[in-house]
Amino acid sequence: MAAGGGAGAGGGGHQAAAPGPAPGAALALLGAVPGAPSCPHGPALLFVKVSHGREEGRRFYACSACRDRKDCNFFQWEDEKLSEARLAAREEYNRNHQPPFTHRQNVERYENFVLLPLSKRRFCQECQQLLLPAEWGKHSSHQILCDISTAQLRSPSQLLYPLENKKTNAQYLFANRSCQFLLDLIISLGFRRVLCVGTPRLHEMIQSKASQEEDFRVRSLLLDIDFRYSQFYTEDAFCHYNMFNHYFFGGEAVHETCRKFLHQDKDERVIMVTDPPFGGLVEALASSFKKLMAMWKETEKEGYENQEMPMFWIFPYFFESRILDFFPSFSMMDYQVDYDNHALYKHGKTGRRQSPVRIFTNLSPSMIVLPVEEGYRFCVICQRYVSSGNQHCEICDSCTSKDGRQWKHCSLCKKCVKPSWFHCNKCNCCALQNHTCEKTDAGCFVCGKEGHKRSTCPSLSCTRTSCQADKKQRQKTLKRVKIGIHKRLAMKHAIFSRRKIKNKKKKT
Ligand code: SAH
Ligand code: ZN
Ligand code: ZN
Ligand code: ZN
Ligand code: ZN
């Protein structure tokens, strides 16, 4: 988050005092607090540096959405008093950093766009914008896609970010197989409304079917920070939303759209499906999702009084304990979610690495049927579908593998561990053979408690600094997946300014 980077120009004159990520330090998220100052991405979040279980230094606010201060450099000390002039300047800055068109304007533009003959339908790849003929001149030096077909308009996730830019600017889009699996599952479970939070491709699949197949009765609403999507969807199909601070950019009217959507009729059950950026702060996400759940609950629901809004939270398996901390009713499914633009995480069968991304849900695991033809089987004892390689451990009395490989039971650790691990007597736990032993007498660096290292400290947010402190292994995986620090910031540039999409140096 921007929090890791400290102050910037927009924060106003505190660069020197900024809490830089000193080695060994970690940042803890204190959360969204009432009265927090705002950046262009809505209310900022409160952070503090922690070390050995103690807060160190002053608390400060930083941008909720941006992982790099180059993208949003908002910074303010909690106890900082701002002059009237600076407050006014900030307000103006926030106003100026909103998208060039409103959602309404974009909808009107779209209505005019579809009236154009194919030969006049152009899309500017540099500005990521549908163009009307009067605007062609302004974009004459830009890369333009011509003859935008109705099919292309139905698949904005393919139109946005052209192929040659995929590597740097990609959002992590579901492979068709995974997307279809999710939709089939949702339908077979009897849901008729899908709240898509950061899942534009699932939304697109639903919208596309709804516009083409008469008997297709599923509806969806997309909540996403990527405002480019407002060019393709009306106000009742897309809400500009920040899932790290539960902020609806369009104000109360947009909030109301979401509320209305969550109001389920008797036979129009709602499910929420979310696939947040993996580098994101789990507790910030959890807090927003709880607010969405509360919105669902507020609406009358005959026969569902004591229930939670059903949810699929798509996230890597190594976040299991963090997610369960916030949502004890959730369980992790073995299904491996694949992405189109992640060569490394295509389906495992080809001998490549398998995807570490899973579905966490509060629905009963026994209801989640996984495709046998893709190598999943039903474990009668666990009453759930598991990966074929996931053997039932008699001692643990469950199918214990998290990554699809067969795990082995360690009688000293009293649990199953990865096949590549061995029991280390010095560390008193299982680890890779060539690990460097850590002293066991020292407690967690962050909270001071024993039983875990700082990399898995429950009081920590996965901020940039704490991620740096993580075990190398996990960091590598994170990087390969979709932590998207650099990606997301490239993306934001495309969303919040008309600046040309730049190539960011970092790989994924
Ligand atoms: N697999 C999904 C896309 C997941 S990528 C699919 O194919 O549909 C993460 C998504 O979250 C992107 O759409 C991105 O725009 C969105 N996102 C990133 N940061 C966000 C934020 N702060 N608030 C809301 N949405 C966000
Ligand atoms: Zn911001
Ligand atoms: Zn076991
Ligand atoms: Zn062991
Ligand atoms: Zn050891």
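Here the structure is a predicted model, which means the values were calculated and not measured. Counting starts at 1 for both ligands and their atoms, following the listed order.
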Verify the ring-centre separation between Phe360 and Phe327: is it less than 6.0 angstrom? no
Would you indicate which of Asn245, Leu202, Ile225, Thr274 comes nearest to atom 20 (C) of ligand 1 when only heavy atoms are counted? Ile225
Cys424 near the Zn ion (ligand 4) via N/O/S, less than 2.8 Å: no
Working to 10°, measure the angle at the Zn ion (ligand 3) formed by atom SG of Cys393 and atom SG of Cys396. 110°
Tell me if the aromatic rings of Phe101 and His103 count as close, with their centers under 6.0 Å from one another. no
Heavy-atom nearest option to atom 22 (N) of ligand 1, drawn from Val197, Asn242, Val337, Asp275: Asn242
Could you tell me whether some N/O pair between Phe244 and ligand 1 is separated by less than 3.5 angstrom? no
Give a yes or no on whether the ring-centroid distance for Phe244 and His41 is below 6.0 angstrom. no
Looking at Tyr241, which atoms of ligand 1 are within less than 4.0 Å of one of its heavy atoms? 23 (N), 24 (C)
Does an N or O from Phe174, backbone or side chain, lie closer than 3.5 Å to an N or O of ligand 1? yes
For Asp226, take its heavy atoms, then give the atoms of ligand 1 lying under 4.0 Å from any of them. 15 (O)
So, 2.8 Å as the limit: is an N/O/S atom of Cys429 located closer than that to the Zn ion (ligand 4)? no
With a 4.5 Å heavy-atom cut-off, do Cys393 and Trp407 have their side chains touching? no
Determine whether the side chain, the backbone, both or neither of Tyr339 has a heavy atom under 4.0 Å from any heavy atom of ligand 1. side chain
With distance as the sole criterion, is a donor-acceptor pair present between the side chains of Ser401 and Gln391 under 3.5 Å? no
Leu173 versus ligand 1: do any nitrogen or oxygen atoms come within less than 3.5 Å of each other? no
If you look at His423, which of its N/O/S atoms is nearest to the Zn ion (ligand 4)? ND1
Tell me whether Arg193 forms a cation-pi arrangement with Phe261, defined as NZ or CZ under 6.0 Å from the six-membered ring centre and within 45 degrees of its axis. yes
Does Arg384 use its side chain to pair, donor to acceptor, with the backbone of Cys399 at less than 3.5 Å? yes
For Phe315, which of Phe278, Phe326, Tyr172 qualifies under ring pair (Phe, Tyr, Trp, His ring centres under 6.0 Å)? Phe278
Looking at the Zn ion (ligand 3), which N/O/S atom of His409 is the nearest one? ND1
Pair Asp275-Tyr339, side-chain donor/acceptor within less than 3.5 Å: yes
At the Zn ion (ligand 4), what's the angle from Cys410 SG to Cys413 SG, rounded to 10 degrees? 120°
